[in-house]
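First up is the structure itself, then whatever we jot down about it.
Order of the sequence lines sets the chain letters (A, B, ...), proteins ahead of strands, with each chain counted from 1.
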Amino acid sequence: METAAPVLGVSIREEPNQAIVAGIADFDAVVRAHWTRVYRYALASLRDRDAAQTIAQDCFVKAYRARDRFRGEASVHTWLMQIAVNLVRDHTRSRRFQFWKRAPAIPADGAARNWIACGEIDPEQRVLVKEQVSAMWSATTNLPEKQRTVFLLRYVEEMDLLEIVAVTGLSEGAVKVHLYRALRSVRKFVESLR
Amino acid sequence: MTFRGVLGQFRDAVHEEAAQSAPPVFSWREQSKTRPVLRWAVAAVLALAIGAIPFYENARQRQRAAEQAIADELLMEQVNEGLSRSVPLAMSSLAGY
């Protein structure tokens, strides 16, 4: 009896992961559950509340349109973060070519700078920490695109290496190299202010 | 504070800032429907504009040909007039023209 041989050039589609795919059936719940993380990544990358809001919105619209093609190869969070990373990248690139449209940059970290976790520290120390947090954000936004993405996914989104690999599509080695370079640049910048 | 400490403060600050944002009251479902319609409209207008180019070129060519024909006719009239003259132009006043 003959068995069906695989045909070259035709990829056999894997069965969708029903459990994960079912998770996006209620899309309103998906938006509620993942909005903050997507927005947070965009905000950390762009340091601009309006742009981050637009990116987050576009991310969910894009995901909604593509939901029929989502086969659950990755978690919903990874899938949404892949879209967000691409949108932030496109936004940054288009902004680079539209520099004449840009209004003077208003840092989005006004509230963040005033929010310091440990309330026990003395006022002098507090001012220093505020400055360092602001400097870190500046250093982060000035990093090259891939370094910034990897850095923020690791240290703001607290993703592990494999998750970052899944979101960015980079190899493990590349992620490590970008992370190392990003850390070195940010550390150098922050320590230069001390 | 150590670098690791600053890194932690930075993370907490970004988390705190982002926590203030709530999903907008926004009909993203409608948005996802209207955008393709807009895209189709733009594509249709572009297709019409591109499709109209040959007609426009054709009309311009016909207009140019008509203008050329009038100019040729005028030239021929002038030539014929010059040929049918019995005396040179300089002597036309003497010949009573």
In Å, rounded to the nearest 0.5 Å, how long is the span from OH of A:Tyr39 to CD of B:Gln20? 8.0 Å
Value for CZ (B:Phe3) from CE (A:Met136), rounded to nearest 0.5 Å, stands at 4.0 Å
Given the rule that I, L, V, M, F, W and Y join up when any side-chain heavy atoms are under 4.5 Å apart, are [X] and [Y] in one cluster?
{"X": "A:Val76", "Y": "A:Phe27", "result": "yes"}
{"X": "A:Trp35", "Y": "A:Tyr64", "result": "yes"}
{"X": "A:Leu162", "Y": "A:Met159", "result": "no"}
{"X": "A:Leu152", "Y": "A:Val177", "result": "no"}
{"X": "A:Leu161", "Y": "A:Tyr41", "result": "yes"}

Closest approach of B:Ala13 to A:Val133 (non-hydrogen atoms, all atoms of both residues): CB-CG1, 4.0 Å
Taking the six-membered ring for Trp, are B:Phe10 and A:Phe151 parallel (under 30°), tilted (30 to 60°) or perpendicular (over 60°)? tilted
The single option from A:Glu157, A:Arg40, A:Glu158 passing side chain to side chain contact (heavy atoms under 4.5 Å, CB included) against B:Arg11: A:Glu158
Among A:Gln132, A:Glu131, A:Glu191, find the residue that satisfies the side chain to side chain contact (heavy atoms under 4.5 Å, CB included) test when tested with B:Val6. A:Gln132
With heavy-atom distances below 4.5 Å as the criterion, would you say the side chains of B:Val14 and A:Tyr155 are in contact? no
Under a 4.5 Å heavy-atom cut-off, does chain B meet the side chain of A:Leu183, its backbone, both or neither? both
Contact class of A:Val186 relative to chain B, heavy atoms under 4.5 angstrom: both
Count the heavy atoms belonging to other residues, nucleotides or ligands that lie under 6.0 Å from CZ of A:Arg89, then report whether that count exceeds 12. yes
